[in-house]
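Only this structure's heavy atoms are used, side chains among them; waters, hydrogens and symmetry mates stay out. In this text, all values refer to a predicted model and were calculated from it rather than measured experimentally.
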Amino acid sequence: MDACSCDGTRLEETFAVLTCAPRDASQTLLLVVCLLSAFTYASAGLLVQIGSADGSLPVGEFTLARGLLQTAAAGLLLRGEREYFPREKQQLWAWLRGAITAANIMLYFTALTQLPLGDAVVLTSLYPITGPFFSRVFLGERLPVIFPVALLLALAGATTLTQPTFIFGTTDDADSITTLGYTCALSASLTFGLQYPVGRMTRGTPLGNVMFAAGAMTMLAALVLSFALPEWRIVDPLNATVWACLVGQAVLLVFAQFGFILTTQELPAHVGSVLQITDIFWAYVYQCTVRDEPPTWEQALGAGLIVCAVLVAIYGNWKESGEDSEEPSRPLLSGARRRPDEA
């Protein structure tokens with residue numbers, strides 16, 4: 001194994017050494033990280049549901065907790081660094097990515113307040129389309145022949161699982177359907193997809209800088225949401241369950257964001273976006289187990305389609321990674337670089 005060096009803290013150096021693996025092993029590790037990131041996102045969503053008041057999401061408080069903890073974690077990674085706000089052009093991409101992340105959060109939660117849950121989830125989960133599209137346009141990333149199969153399976157599975165009203169029938173709460181809701185939901189898919197090409201541009205930027213920018217912009221989004229949606233508040237701030245969920249979801253989302261940042265830097269968008277949609281699958285599993293809601297055959301079919309999409313995407317990535325490439329192997333951790341004498 002080639003030796004690696006890493007800018008940043010000792011922890012970051014340790015991760016760089018551990019992840020400086022042959023290409024096949026690196027790709028396998030990235031796929032696992034991406035799937036774990038989706039699982040962690042779904043687990044955090046469960047805690048938000050449990051800790052929310054009257055079934056609504058206290059957006060400002062939960063988002064602020066996530067931003068604070070993520071910024072603190074980034075501070076640990078940046079310990080010893082001189083600049084939290086680097087001026088290098090390459091590292092400015094981290095702040096653009098953070099701004100896109102903040103916009104995505106605001107659009108996503110606004111869509112949840114304006115649309116039925118199934119409609120909002122499906123329309124905000126079109127990133128298997130937008131992510132590869134933007135990566136193709138801005139980065140010239142090629143799409144394998146098998147990608148449309150994984151895409152159709154993923155979207156069909158998500159649609160069947162969540163059963164949006166614009167396909168499966170009308171909703172009892174017709175007032176909840178608004179043009180603003182559909183606009184925000186589609187815009188959320190666009191901003192989520194933009195994180196793939198912009199995330200790729202942060203390769204070589206210390207991971208701490210990327211996480212710090214995302215955390216800071218997330219806190220800004222939390223403040224905007226608090227003013228825009230003042231009716232969403234935690235009812236009982238002394239409730240131990242609420243605060244346990246508040247802290248728990250923040251911790252989980254920091255780990256999820258760590259994995260998401262890493263995979264957007266290193267995995268092709270057509271692979272990462274399909275694997276990321278498995279958070280809908282895990283949300284369905286939690287719904288049937290923890291929330292004790294009986295499953296329907298349509299939802300079971302949708303879950304199966306998502307699993308098939310993941311398998312197809314992994315197979316396509318395996319075939320693609322087996323092809324000869326002139327690109328040298330590199331450490332998985334962003335910011336890790338080879339020593340000058342190894343170049």
Side-chain angles (χ1 to χ4, degrees), residues 31-32 34-58 62 108-109 111-129 149-174 176-177 181-182 185 188-189 192 241-242 244-245 248-249 252-253 255-256 259-260 271-315:
L31 296 175
V32 172
C34 190
L35 290 172
L36 287 176
S37 175
F39 171 74
T40 310
Y41 272 120
S43 301
L46 174 66
L47 292 181
V48 170
Q49 286 185 333
I50 296 175
S52 62
D54 299 327
S56 62
L57 295 173
F62 280 93
Y108 174 73
F109 282 120
L112 286 179
T113 65
Q114 300 292 323
L115 295 175
L117 182 60
D119 293 25
V121 169
V122 168
L123 294 178
T124 57
S125 299
L126 298 179
Y127 43 84
I129 297 176
V149 178
L151 172 63
L152 291 176
L153 287 172
L155 294 180
T159 302
T160 308
L161 192 57
T162 57
Q163 300 185 21
T165 60
F166 56 81
I167 295 178
F168 288 88
T170 59
T171 177
D172 295 333
D173 188 9
S176 65
I177 302 178
Y182 285 119
S189 284
F192 198 102
T241 301
V242 170
C245 292
Q249 64 88 31
L252 289 174
L253 285 173
F255 282 103
F260 183 60
V271 177
S273 59
V274 172
L275 268 60
Q276 196 67 39
I277 209 172
T278 55
D279 61 346
I280 299 177
F281 168 82
W282 290 114
Y284 162 73
V285 172
Y286 283 135
Q287 174 184 320
C288 297
T289 55
V290 179
R291 307 298 289 180
D292 197 24
E293 298 181 13
T296 64
W297 71 267
E298 294 95 340
Q299 292 174 324
L301 175 61
L305 289 174
I306 290 178
V307 172
C308 291
V310 170
L311 295 177
V312 171
I314 291 176
Y315 173 77

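Considering CG of L115 and OG1 of T165, their distance stands at 8.0 Å, rounded to 0.5 Å. Atom-to-atom distance recorded for I129:CD1 and S273:OG is 9.5 Å, nearest 0.5 angstrom. To the nearest 0.5 Å, atoms OG (S43) and CG (L36) are separated by 10.0 Å. We find the CD1-CG distance between I277 and L126 to be 8.0 Å, quoted to the nearest 0.5 Å. Here Q287 contributes atom CD and L46 contributes atom CG; the two are 11.0 Å apart, rounded to the nearest 0.5 Å. For the atom pair OH (Y286) and CG (L47), the distance works out to 8.0 Å, reported to the nearest 0.5 Å.
Taking both residues in full, the closest heavy atoms of A313 and V274 are given as CB-CG1, 3.8 Å, listed atom of the first, atom of the second, then distance. Closest approach of A150 to A309, counting heavy atoms only: O-CB, 3.5 Å. The minimum heavy-atom distance between A158 and I280, with the atom names listed, is CB-CD1, 3.8 Å. The shortest non-hydrogen separation linking T296 to Q163 is OG1-NE2, 3.7 Å. The shortest non-hydrogen separation linking A283 to A42 is N-CB, 3.9 Å. Nearest heavy atom pair, residue P294 against residue Q299, reads O-OE1, 4.3 Å.
Residues Y284 and P295 meet the side-chain proximity criterion, which asks for heavy atoms closer than 4.5 Å. At a threshold of 4.5 Å between non-hydrogen side-chain atoms, the residues V310 and L35 count as touching. Looking at F192 and T124, their side chains never come closer than 4.5 Å, going by heavy atoms from C-beta outward. Here the side chains of W297 and L301 are in contact, with some heavy-atom distance below 4.5 Å. Using a 4.5 Å heavy-atom threshold, the side chains of F39 and D279 count as separate. A 4.5 Å side-chain heavy-atom check between S189 and L123 finds every atom pair outside the cut-off. Side-chain contact between L161 and L305 is absent, with no heavy-atom pair separated by less than 4.5 Å.
Proximity of a side-chain donor or acceptor of T40 to a complementary backbone N or O of L252 within less than 3.5 Å is not detected. Judged by distance alone, the side chain of S37 and the main-chain N or O of G259 form no donor-acceptor pair under 3.5 Å. Remark: side-chain polar atoms of T278 are paired, donor with acceptor, to backbone N or O of L275 under 3.5 angstrom.
Heavy atoms of other residues, nucleotides or ligands lying less than 6.0 angstrom from CZ of F255 number 12 at most.
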